[in-house]
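Structure first, then comments.
What you see is a predicted model, and the numbers here were worked out from it, not measured in a lab.
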Amino acid sequence: MAGIGIELKRIFRKDSLVSVLSGAAYSTLVVIGPTVIVMAALLLMYGTLGYMNVNYAERELLSATILYVFIFALLVTAPVNAVMSRYIADKIFEETYEDILPSFCTGFALCEMGGAALGIPFALHLVLVGKVELLFVILSYLFFMELIGVFYAMTYLTATKDYKITALDFVAGMLVTILSALCAHKLLECPILYAILVGLCLGFFLIAVLQTAYIRHYFAFSNRNYGGCLSYFVRMKRLFFGTLFYSLGIYVHNFVFWGATGHLVTAESYYCTQAYDMASCLGMFTNISAMVIFTVMAETGFHDMYQTYNEAVIGAALKDIEIAKRNMFHMLVRQMGYVVRVQAIISMILFLLVRIFLPDYGFSGLEMTIYPGLAAAYFCIFIMYCNIIYLYYFNDSTGTFLTGLIFLLGTLSGSLVTKGLQPQYYGLGALLGGTLGWTFSYFRLWYLERHIDHHIMCSMHLIKETDACDRETEK
């Protein structure tokens with residue numbers, strides 16, 4: 001997301017309260033804007049259609065469908081996006097822009113095939129075992145495949161550095177979602193569940209079309225080398241699996257508790273534990289501002305230091321390289337300390353507000369009992385993710401892989417243990433995984449600080465590798 005830094009620097013250059021608020025609003029729009037837009041659209045649609053008047057079983061079916069669609073669309077696209085993001089960056093650096101559009105088509109096909117491999121068997125299970133109406137299943141499947149395309153295309157939109165387009169696409173799509181759902185229910189007399197699904201299908205289809213059209217316009221030239229990017233999935237296999245492990249770690253504790261005592265099964269297919277899932281959502285939103293804070297810090301400070309160091313490596317004297325390296329890591333340490341301190345204050349304030357006010361709005365005692373552990377867990381998880389972004393900067397695919405693996409295994413094993421304990425301990429499994437992942441990523445960055453010259457010059461192929469380089473790279 002390097003392009004956001006240019007806009008943020010322009011905003012913050014004025015050094016006033018208005019510029020600070022404008023910069024915060026802009027970075028929030030870029031980082032979590034689409035998520036907020038979709039959630040706002042869903043709430044507005046539920047309110048205008050009278051969703052709460054639908055019987056409980058049907059509400060649970062739709063809620064479970066939307067939850068599963070978003071989770072598994074993210075799991076399908078995240079590892080592919082990580083590899084394709086690196087491929088795009090390399091092609092932009094090499095100025096071989098004609099390779100980018102073919103790679104978009106290839107990656108899109110891979111994501112859709114992965115979605116079909118998951119979606120078709122599940123859809124058949126819904127129809128044959130869950131006895132869900134065929135039309136509902138078809139609409140849900142279309143929604144799933146469209147969302148995969150939207151998540152995938154966002155990587156290429158990031159490469160264009162036109163972040164406002166992404167927000168505008170989502171605004172347009174959600175407006176279509178709301179209007180088409182209202183028309184389907186009010187004019188065509190569709191049941192509310194079907195009206196909502198029709199709206200979501202049409203809205204996300206529009207988003208996908210707008211995204212694809214903009215990508216094809218921006219990367220207008222193509223050499224039709226559709227297989228050129230496939231070698232990256234072999235070269236970047238550790239990056240692929242590291243991102244996959246991290247993405248699974250985000251949700252694996254939910255998967256574990258979906259099979260715990262008190263879970264709910266809908267249509268003999270959807271498993272969920274409402275209290276734990278709601279506590280997870282609250283914990284995530286308590287700490288999600290860390291991503292906004294980190295984006296501002298990294299893109300307005302560290303990115304420039306990183307570029308200065310790389311330019312020094314290419315042609316500067318050893319003394320200048322050492323100065324650039326020292327400045328870069330000093331900036332990294334200052335930024336991470338700032339993110340941790342500020343986010344800790346924000347999280348504590350939000351935690352108190354949640355505990356004081358939400359019980360008056362129907363949140364049960366069980367949700368509030370589980371919430372503290374998960375709030376602490378997501379604090380560690382988001383701070384760990386900031387470290388992962390730094391590992392991306394340094395092209396440390398090994399560090400990314402091991403961080404994701406440790407996070408996944410720690411969260412999985414911890415959750416398997418805590419699900420047999422009292423509810424106040426449920427979140428400790430995710431907290432264990434996040435703490436282990438953060439700790440490893442911290443020491444991995446510490447290791448890179450002491451070996452960065454070799455890593456940049458040998459591992460990133462700025463100079464010809466030797467046997468000594470190969471041996472050191474294996475560490």
Do Trp438 and Tyr442 have ring centres separated by under 6.0 Å? yes
His185 side chain to Cys190 backbone, donor-acceptor under 3.5 Å: yes
Sub-6.0 Å ring centroid separation between Phe351 and Tyr371: yes
For Phe70 together with Tyr251, are the ring centres under 6.0 Å from each other? no
With sequence neighbours excluded, tell me which residues meet side-chain contact (heavy atoms from CB on, under 4.5 Å) with Thr266. Glu60, Leu61, Leu264, Tyr270
Interatomic spacing from OG in Ser63 to CG in Leu42 - rounded to 0.5 Å: 9.5 Å
Is there a donor-acceptor pair closer than 3.5 Å between any side-chain N or O of Ser415 and the backbone N or O of Leu412? no
Name the one of Tyr226, Tyr156, Tyr87 that satisfies side-chain hydrogen bond (donor to acceptor under 3.5 Å, both in side chains) with Ser103? Tyr156
For residues 96-110, which residue pairs pass the salt bridge (Lys or Arg N to Asp or Glu O under 4.0 Å) check, not counting sequence neighbours? Lys91-Asp99
With sequence neighbours excluded, residues passing ring pair (Phe, Tyr, Trp, His ring centres under 6.0 Å) with Phe382: none
What distance separates Thr48 OG1 from Leu43 CG, expressed to the nearest 0.5 Å? 10.5 Å
With sequence neighbours left out, the residues meeting side-chain contact (heavy atoms from CB on, under 4.5 Å) with Ser140 are Thr65, Phe136, Leu197
Do the side chain of Arg355 and the main chain of Met368 share a donor and acceptor less than 3.5 angstrom apart? yes
Is the distance between the ring centroids of Tyr276 and His263 under 6.0 Å? no
Give a yes or no on this: more than 12 heavy atoms of other residues, nucleotides or ligands lie within 6.0 Å of atom CZ of Phe122. yes
Check whether NZ of the Lys or CZ of the Arg Arg235 lies under 6.0 Å from the centre of the six-membered ring of Tyr232 and within 45 degrees of that ring's axis. yes
Can you confirm whether or not the ring centre of Phe245 sits under 6.0 Å from the ring centre of Phe407? no
Just verifying a value: how many Å separate Leu202 CG and Phe143 CZ, rounded to the nearest 0.5 Å? 11.5 Å
My understanding is that only residues two or more places apart in sequence, or in another chain, count here; which of them pass side chain to side chain donor-acceptor pair (under 3.5 Å) with Tyr141? none
If we ignore hydrogens and angles and just use 3.5 Å, is the side chain of Thr177 paired with the main-chain N or O of Gly199 as donor and acceptor? yes
Provide the full list of salt bridge (Lys or Arg N to Asp or Glu O under 4.0 Å) pairs with a residue in residues 195-204, sequence neighbours left out, each pair given once. none
